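Data block below; observations after.
All values derive from a computational prediction rather than experimental measurement.
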Amino acid sequence: MEEFDFLVIGSGSGLDVANVAANQGQSVAVVEKGRLGGTCLNRGCIPSKMLLYHADIVETVEQAEEFDISAEITDVAFADIVQKVNEEVHGDAASIRNGLESSSQHELFDGEARFVDERTVEVEGGADDGARLRADTVLIAAGSRPWTAPIEGIEGVNYLTSKQALQLEEPPDHLVIVGGGYIAAELGHFFGTFGSDVTIIGRRPHLLPSADEDVAEAFTDRYAERFDVYTGYEAITASESGGEVTVDARAYPPDEQEGEPVDSVSITGDELLVATGRTPNSDTLNLKAAGVETDADGFVETDEYLRTTAEGVWALGDIVGEYLLKHNANHEAQTVARNIFGDELQPIDYTAMPFAVFGSPEVAGVGAHEEALQAADREYATNTYRFEDTARGDAMHAEGFVKVLIDLEGEILGCHIIGPDASTLIQEVVVAMKAGSGTVQDIRESVHIHPALPEVVQRAFTGQFSRGGRSHHHHH
């Protein structure tokens, strides 16, 4: 049995806390079964956004004609693009490993952690198979993995998850995507831009079902112009023959009427990407032995300080399931580090947690969306302003809008953006909600550079708001 002050399971954002422990002079054990750096670095945000930027370059060239500039793409070295991105990612993961291995206070264990007792784990399956570790403080930051919806016959199909899709060295002729969320949106854009025919099958009425409905609807319309989009369809069966994959899907939810034939479609392509969500890695950890409880979906239960149900055991990131976003895991890591090593406990603050989708168009949002306010029977006011109605947006031939939701005192409840640079434009709203007074005035009264794109945000906050919510029926 090896004894440590601090043990972290997973090498993503959990390492931020481990480094604080080491800086405090503690002995630190890190258990990781794969490359270091977690999902974001190895098979998530970093490689996908690097790849997507290449797609944005292609799109820019393709749109040159609109600006009376003729340009053509003569060659795309697709395999080189993918190889360079993966090499860069592997280099970053290797440098994290080198940092840990050269540190006198960190000890890295290769394999999967399984709890055998309170704050005691056994390492299984890697180079350190069989090692037993115990620590005074344990942090569970073991992340999540792609989840495959139950589709009949899927186990007989050689399908891709996001992880494999990011490593394909040539674009498929026809990529079939099951799932309508951000991974489908981003990878559809990527492969579609590099020449794949793309079909997207999603259960919900719109793509990006967790975005505000107006934004999701506009996004779905734009994708439907580029790709074959079947929203409101559920994949039922999948099969493979002769190097081709066929997915049968039917209208969702299925028609209630007796004897009505359910509307169904059958789609055949040469690659199938299943992007139906993610599931926490808690099932690999034998949490029962540690006294750590999970919810019905397997996410680790924590209190507002991010303590689990077991004494001295904390959790953060995807495995907690609050927001499956890297910036959220980093934010949780700051809170956990403060709570373990600081003087007093401070609750995690999830206010103004933004998200972005790097599709084409880009989408970003923060705070409540309109349907949530309606469901909660809140009074609110809303205003929308279009990109093309600003000088810079017009110059860019931009399409899209900023939608603002406020309460009747002028407090910002949410902001939702679809259009170029949405991921950048959302930031001033996040700062206003988190660091400012959180009101319309924060943005309205800040001087915005003319004619720069953030004016579209300012105008959305300055215009004539219309009442929604109680006694005010909102209609599109």
Side-chain angles (χ1 to χ4, degrees), residues 1-19 21-22 26-44 46 86 89-147 161-164 167 278-292 294 298-300 308 310 312-320 326 329 333 336:
M1 175 78 67
E2 299 191 55
E3 301 271 353
F4 293 88
D5 298 318
F6 184 90
L7 164 71
V8 61
I9 302 170
S11 68
S13 296
L15 281 187
D16 295 356
V17 185
N19 293 337
Q26 295 199 348
S27 59
V28 174
V30 180
V31 184
E32 172 58 72
K33 68 166 191 285
R35 286 200 172 92
L36 276 89
T39 297
C40 167
L41 173 61
N42 291 289
R43 50 196 173 272
I46 301 300
N86 282 297
V89 162
H90 293 166
D92 289 348
S95 77
I96 297 172
R97 175 179 291 274
N98 295 341
L100 290 181
E101 286 175 347
S102 62
S103 154
S104 56
Q105 278 169 286
H106 295 78
E107 200 167 332
L108 181 58
F109 293 87
D110 178 60
E112 275 196 349
R114 299 243 192 299
F115 281 97
V116 288
D117 202 352
E118 289 185 359
R119 297 196 302 279
T120 308
V121 304
E122 184 165 320
V123 180
E124 273 187 29
D128 294 296
D129 186 52
R132 281 205 167 203
L133 322 173
R134 181 186 290 142
D136 298 335
T137 305
V138 174
L139 172 60
I140 299 171
S144 64
R145 62 184 185 271
W147 175 76
T161 63
S162 53
K163 176 183 169 177
Q164 292 95 37
Q167 295 168 344
R278 295 184 68 86
T279 189
N281 288 326
S282 50
D283 55 351
T284 66
L285 297 170
N286 190 25
L287 291 175
K288 253 195 190 66
V292 173
T294 57
F299 292 106
V300 172
T308 69
V313 181
W314 303 70
L316 64 80
D318 283 9
I319 205 162
V320 170
K326 176 62 170 176
V336 170

Is a donor on one side and an acceptor on the other found under 3.5 Å between the side chain of [X] and the backbone of [Y]?
X      : Y      : value
Gln167 : Gln164 : no
Arg119 : Arg134 : no
Thr308 : Val313 : yes
Asp110 : Asp128 : no

[X] and [Y]: which non-hydrogen atoms are nearest, and at how many Å?
X      : Y      : result
Ser144 : Asp318 : OG-OD2, 2.7 Å
Gly111 : Val123 : CA-CG1, 3.7 Å
Val30  : Gly10  : CG1-O, 4.1 Å
Leu36  : Leu100 : CD2-CD1, 3.2 Å
Val292 : Ala310 : CG2-CB, 3.8 Å
Ile319 : Asn281 : CD1-C, 4.0 Å

Rounded distance [0.5 Å steps], [atom1] in [X] versus [atom2] in [Y]:
X      : Y      : atom1 : atom2 : result
Phe115 : Thr120 : CZ    : OG1   : 8.5 Å
Glu2   : Leu7   : CD    : CG    : 11.0 Å
His106 : Arg97  : NE2   : CZ    : 13.5 Å
Thr39  : Ile46  : OG1   : CD1   : 12.0 Å
Ile140 : Trp314 : CD1   : CH2   : 12.5 Å
Gln26  : Asn19  : CD    : CG    : 12.5 Å

Can you tell me if [X] has over 12 outside heavy atoms packed within less than 6.0 Å of its [atom1]?
X      : atom1 : answer
Lys326 : NZ    : yes
Glu118 : CD    : no
Arg35  : CZ    : no

Side chain proximity check, [X] to [Y], heavy atoms < 4.5 angstrom:
X      : Y      : result
Val8   : Val17  : no
Ser11  : Ile96  : no
Arg145 : Asp283 : yes
Val89  : Asn42  : yes

Identify whether the distance between the nearest side-chain nitrogen and carboxylate oxygen of Arg132 and Asp117 falls below 4.0 Å.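 Salt bridge: no.
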Using a strict threshold of under 4.0 Å (side-chain N to carboxylate O), is an ion pair present between Arg114 and Glu122?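 No, this pair does not count.
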For Leu287 and Thr294: C-alpha separation, side-chain torsions, deciding distance, then whether side-chain contact (heavy atoms from CB on, under 4.5 Å) applies. CA-CA 8 Å; Leu287 291 175; Thr294 57; 3.6 Å; yes
side-chain contact (heavy atoms from CB on, under 4.5 Å) for Asp16 and Leu316? Distances and angles first, verdict last. CA-CA 11 Å; Asp16 295 356; Leu316 64 80; over 6 Å; no
